[in-house]
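Here the structure is laid out as structure tokens; the discussion comes afterwards.
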There are 2 protein chains.
Amino acid sequence: MPLETSTCNHLDISHIRSSCATCSLRELCLPVGLNEQEIQTLGDVVSHKCKIQRGGTLYRAGSKFQSLFAIRRGFLKTCILEQDGRQQVTGFHMTGELLGLDAISTEIHTCDAIALEDSEVCEIPFEKLEEISRAIPSLMRHFHKIMSREIVRDHGVMLLLGSMKAEERLATFLLNLSRRFLMRGYSECNFNLRMTREEIGSYLGLKLETVSRAFSKLQDENIIRVDNKHIQINDITRLRMKMGNTTCDT
Amino acid sequence: MPLETSTCNHLDISHIRSSCATCSLRELCLPVGLNEQEIQTLGDVVSHKCKIQRGGTLYRAGSKFQSLFAIRRGFLKTCILEQDGRQQVTGFHMTGELLGLDAISTEIHTCDAIALEDSEVCEIPFEKLEEISRAIPSLMRHFHKIMSREIVRDHGVMLLLGSMKAEERLATFLLNLSRRFLMRGYSECNFNLRMTREEIGSYLGLKLETVSRAFSKLQDENIIRVDNKHIQINDITRLRMKMGNTTCDT
DNA sequence: TACCAGCTTTGATTCAAATCAACCGGAGTA
DNA sequence: TACTCCGGTTGATTTGAATCAAAGCTGGTA
């Protein structure tokens, strides 16, 4: 159960009501299950927002880590830059997700975070997050779950990279995106890719030509419709079957 | 599949609170930078030890998560079992490492943890760990670093699976083992593998025959000496060169 | 002691993806 | 308009790893 099940945050925070000062928090992954006052406390910490233009950098590998970033809107990739110039994409990230977890370990960012469309993030100073999570156990627990979920997600990607064929990988990838769009209230069958074939390939351990061919193949079989960056899923059941015998739902 | 006989029973933790248990903490990954009293506090929580025989199971995918496990001695693998019977190894773990982080997210274990040699672990009830880490900020910080390090490690594996050739993967793997043995006071150039070629292959995204061939190739080039499970590194510099230009602490 | 099951090596062949190469089409612009 | 750059597609060829197949070891045990 690779990408499909494992990834990303339950964004079900609709039950949370909050004042305007903290309303940005609503979209975030953190304040699940907090009460008014706790949200206020958290809000004091994450009030600083910032915008990143398409192509812009949120942080770079090697830079000092001080804060996590919660994506308020937009779409980013994280990638490791290799010496020879090629880059390996380690993840694509969308609204509600938390960036920078990998940097806690050494307090140095281990990858670049680059916006694939105009985006907006909230900065969350990590020291402060730890501080208030001491006072709010449910926040601490939730933070731990987010970190853990990231590990599970990575295991899913490892499974994909270690044992799936090109077409299975692409199907898995599309279904994962689809599900994440759905969770955010967008169509699960009609969406635009924000990344290039090369970036998809990098993430999936494939060359861009192979990605392109896999797209064409799925289109020939009438499972999806591809128009450049626009994807339409015609037959999600057959797409799931393409993913292989890995159980896709949970 | 070996069953419950050798499985660690981690349900009753009530008994055993020995000063000896506290001593054992020193070998663990957690109590870094704590004072005497804090170590004592932590010791109260992790006093329950258990042994797992070679081939035995510490926990299984699907089982309820309650505790993390710190390895006191031995060698374990974690793996995801796929429907078709094949398994993907997600990691090899040795003394001082912490198991079960992936299960925090859903409170269900997502993989099996199986001993590759007779091992001993300390059970760390997660609720209690969170509790005392509220009181000991440095412990909390350290725990977060451990989780983050796991994410970084997984990214390293993703890089390996996504972009390295068989020989590079094996070289990276051997160097990683070598470094971990060294850190634990063993020879970095002379060690025994605890896992089969198939398990190595599963971890590295290769078939066992490919692993075997890669071993033979490295031996032919006089970089290593292979005698079944025993590995001797003759020329660690050239082995590093084989890894490619990726700096990798995976 | 011999036997057997599981692990490992090695060779021959096949196959999936990488590589090499050509071309298409849209966006920006000179 | 024509030009160029960039991203994408498609075809031909090569190549690295998987697969298929056969033996060789090793360690446990009957």
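What you see is a predicted model, and the numbers here were worked out from it, not measured in a lab. The analysis underlying the following values was restricted to heavy atoms, covering all of them including side chains, and did not include hydrogens, waters or symmetry mates. So that the names make sense, note that chain A is the first sequence line, chain B the second, and so on, each numbered from 1.
- Toward the 5′ end of DNA chain C lies the nearest nucleotide of L206(A), the other residue of the pair N228(A) and L206(A) mapping further downstream.
- When rounded to the nearest whole Å, the span between CD of E168(A) and P of dC15(C) equals 17 Å.
- Following rounding to the nearest Å, L193(B) (CG) and dT8(C) (P) show an atom-to-atom distance of 9 Å.
- When the side-chain nitrogen and oxygen atoms of R197(B) are compared with OP1 and OP2 of dC7(C), none of them lie within a distance under 4.0 Å.
- Taking atom CD of Q219(B) as the reference point, atom P of dT9(C) lies 9 Å away to the nearest angstrom.
- Remark: E221(A) engages K217(A) in a salt bridge, criterion side-chain N to carboxylate O under 4.0 Å.
- Rounding to whole angstrom units, NZ of residue K207(A) and P of dA12(D) are separated by 22 Å.
- Contact of the L208(A) side chain with the T196(A) side chain is not registered, since no non-hydrogen atoms from C-beta on lie closer than 4.5 Å.
- At a threshold of 4.0 angstrom between heavy atoms, the contacts of S212(B) include nucleobase atoms, whether or not backbone atoms are also involved.
- Between the CD atom of E209(B) and the P atom of dA23(D) there is a distance of 16 Å, rounded to whole Å.
- Separating the CZ atom of F215(A) from the C1' atom of dG8(D) is a distance of 11 Å, rounded to the nearest angstrom.
- With dA17(D), dG8(D), dT10(D) as the choices, the nucleotide that has an atom nearest any side-chain atom of S216(A) turns out to be dT10(D).
- Distance CG (L204(A)) to P (dA18(C)): 11 Å, rounded to an integer number of Å.
- Between F92(A) and Y203(A), the ring planes lie perpendicular to each other; the angle is over 60°, past the 30° to 60° tilted range.
- Within 4.0 Å (heavy atoms only), G205(B) reaches sugar-phosphate atoms of the nucleic acid but no base atom.
- Of the charged side-chain nitrogens involved, none lies within less than 4.0 Å of a carboxylate oxygen, so that D118(B) and R54(B) do not count as a salt-bridged pair.
- Nearer the 5' end of DNA chain D, as judged by each residue's closest nucleotide, is the contact made by L208(A), out of L208(A) and K165(A).
- Between F75(B) and F181(B), the two ring planes are parallel [angle under 30°; tilted spans 30° to 60°].
- For dG11(D), the base has a donor-acceptor partner in the side chain of R213(A) [N/O atoms by modelled type, under 3.5 angstrom].
- To the nearest angstrom, P of dA17(C) lies 7 Å from CZ of R169(A).
- K229(A) comes within 4.0 angstrom of sugar-phosphate atoms only, judged by non-hydrogen atoms across all strands, and of no base.
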